Protein chains: 2
Amino acid sequence: MWLNLMAKKALTTEEKILEAAKKVFHRKGYEGARMQEIADEAGINKALLHYYFRTKENLFDAVFKAAFREIFTKLFTTVDSNVPLEEKLKNLINEYICFLQKNSYIPGFILAELNQNPEKIIEVFKSVPVSPSLLFERMKKSVNDEKLEKTDVRELFINILSLCIFPIIARPMIQHIFEFSDEEFDQFIEKRKKELPVFIMNAIRKK
Amino acid sequence: MWLNLMAKKALTTEEKILEAAKKVFHRKGYEGARMQEIADEAGINKALLHYYFRTKENLFDAVFKAAFREIFTKLFTTVDSNVPLEEKLKNLINEYICFLQKNSYIPGFILAELNQNPEKIIEVFKSVPVSPSLLFERMKKSVNDEKLEKTDVRELFINILSLCIFPIIARPMIQHIFEFSDEEFDQFIEKRKKELPVFIMNAIRKK
DNA sequence: GTCTATATGGCGATAGAC
DNA sequence: GTCTATCGCCATATAGAC
């Protein structure tokens, strides 16, 4: 990326604020986040946050939309690729889980907010160009011409998302149940990348 | 239940508080919940909350532990039952999803708090007699003597939980994506109760 | 644009009468 | 045990100098 070689100072103040807000909101949620903490994280003053975004809510919306765009955009590239279903599934799951590993706060963040303020969050959904509904339509097309067990594509779609996303948001619980260290958890997820496509293909393939 | 025929007034004040706190914490999370709102919901005064529980945190802990106990206790009864794997799976998923339907705030609540304050929540886990680790051990035993695809029981365990829980916490998103009314969503979940066991058995059965 | 200082309101918690 | 009144703090937001 064109920014990689530049010093951090090259970020505009607005970018610094958004980066900082992202970190804090992802960790603490809307109610838990403090404007002071965001200001500290950005290395600037609290008043400046309000100069740029006027309210906490505005700032939150910006961060939420970005998270939402990120997490769905990734899915499009592979769903639209032109390869057989099994391979597409493999790519999809592999790349998606990789993305989730690097952005592990996003799904929990989105679901937590979805849980605590569904109406508002759905409003934000609608204002974002990357629509999960569209994603679903694409997937439907690419599954329909395969010879498979009578599969409701909606079920399949939800199953794939469930299997990818849940382990990431339940991470602390899983580590506790299985007594996984951080490394062991990462290995567990690595293994999942390979085994999930097999699991799913077995489930839907005609026998 | 022995309370069913009694008027609401028969609840002790402490019970009324716990009921009210449950509703509010489940909806709003720890940070979002207001002692005033809990007091209103319970039909009592704010000062009385502190008389009974001293701090917001104490009250939250009580509610969180109860939720945690509820959601895992249910799983034990069916995992321990003495029937073939396929049937056990069917019962497990059916009863578990039924429970989740009636208590749809619990998983989102737990995961949201787990996300925002993992250390503290894990502490609460440890203080509760119903341990998910124990649950996992039971399941391991009941799967190991079946003839199945080489299946990592931990993966299977997580897959089952993922497939049951995720759709419940992602409900508002799913309704939005598929343009489901409340009734249609309920039908969708009803169908899942029947299809999930088939999906999972297909995935793990030797061919 | 960026800072310091301050206003304003809300929330958890307590004091004290009954 | 239950209430009213209030304290003290902290968070969002604004005023105003530089």
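Quick note on labels: first sequence line is chain A, next is B, and so on, each numbered from 1. Not measured: the values here are computed from a predicted model.
- Using a cut-off of 4.0 Å between Lys/Arg side-chain N and Asp/Glu carboxylate O, B:Arg34 and A:Glu31 are scored as salt-bridged.
- Annotation: ring pair (Phe, Tyr, Trp, His ring centres under 6.0 Å) contacts of B:Phe185 (sequence neighbours excluded): none.
- In this structure, A:Lys120 is positioned above the aromatic face of A:Tyr30, its NZ or CZ under 6.0 Å from the six-membered ring centre and within 45° of the axis.
- Contact footprint of chain B on DNA chain D: nucleotides with an atom under 4.0 Å from a non-hydrogen protein atom, first to last in 5' to 3' order, D:dG1 to D:dT4.
- Listed by chain and residue number, nothing satisfies the ring pair (Phe, Tyr, Trp, His ring centres under 6.0 Å) test with A:Phe199 (two or more places apart in sequence, or in another chain).
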Taking only N/O atoms, report every protein-nucleotides 12-15 of chain C pair under 3.5 Å with atom names and distance.
| residue | atom | partner | partner atom | Å |
| --- | --- | --- | --- | --- |
| C:dG12 | OP1 | B:Lys56 | NZ | 3.1 |
| C:dG12 | OP2 | B:Met35 | N | 3.0 |
| C:dG12 | N7 | B:Lys46 | NZ | 3.4 |
| C:dA13 | OP2 | B:His50 | NE2 | 3.2 |
| C:dA13 | OP2 | B:Lys56 | N | 2.8 |
| C:dA13 | N6 | B:Lys46 | NZ | 3.2 |

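- Shown here are the side-chain contact (heavy atoms from CB on, under 4.5 Å) partners of A:Tyr51, two or more places apart in sequence or in another chain: A:Leu48.
- With sequence neighbours excluded, the residues forming a salt bridge (charged side-chain N to carboxylate O under 4.0 Å, His left out) with A:Lys191 are B:Asp152, listed by chain and number.
- A salt bridge does not link B:Glu19 with B:Lys16: none of the charged nitrogens is closer than 4.0 Å to a carboxylate oxygen.
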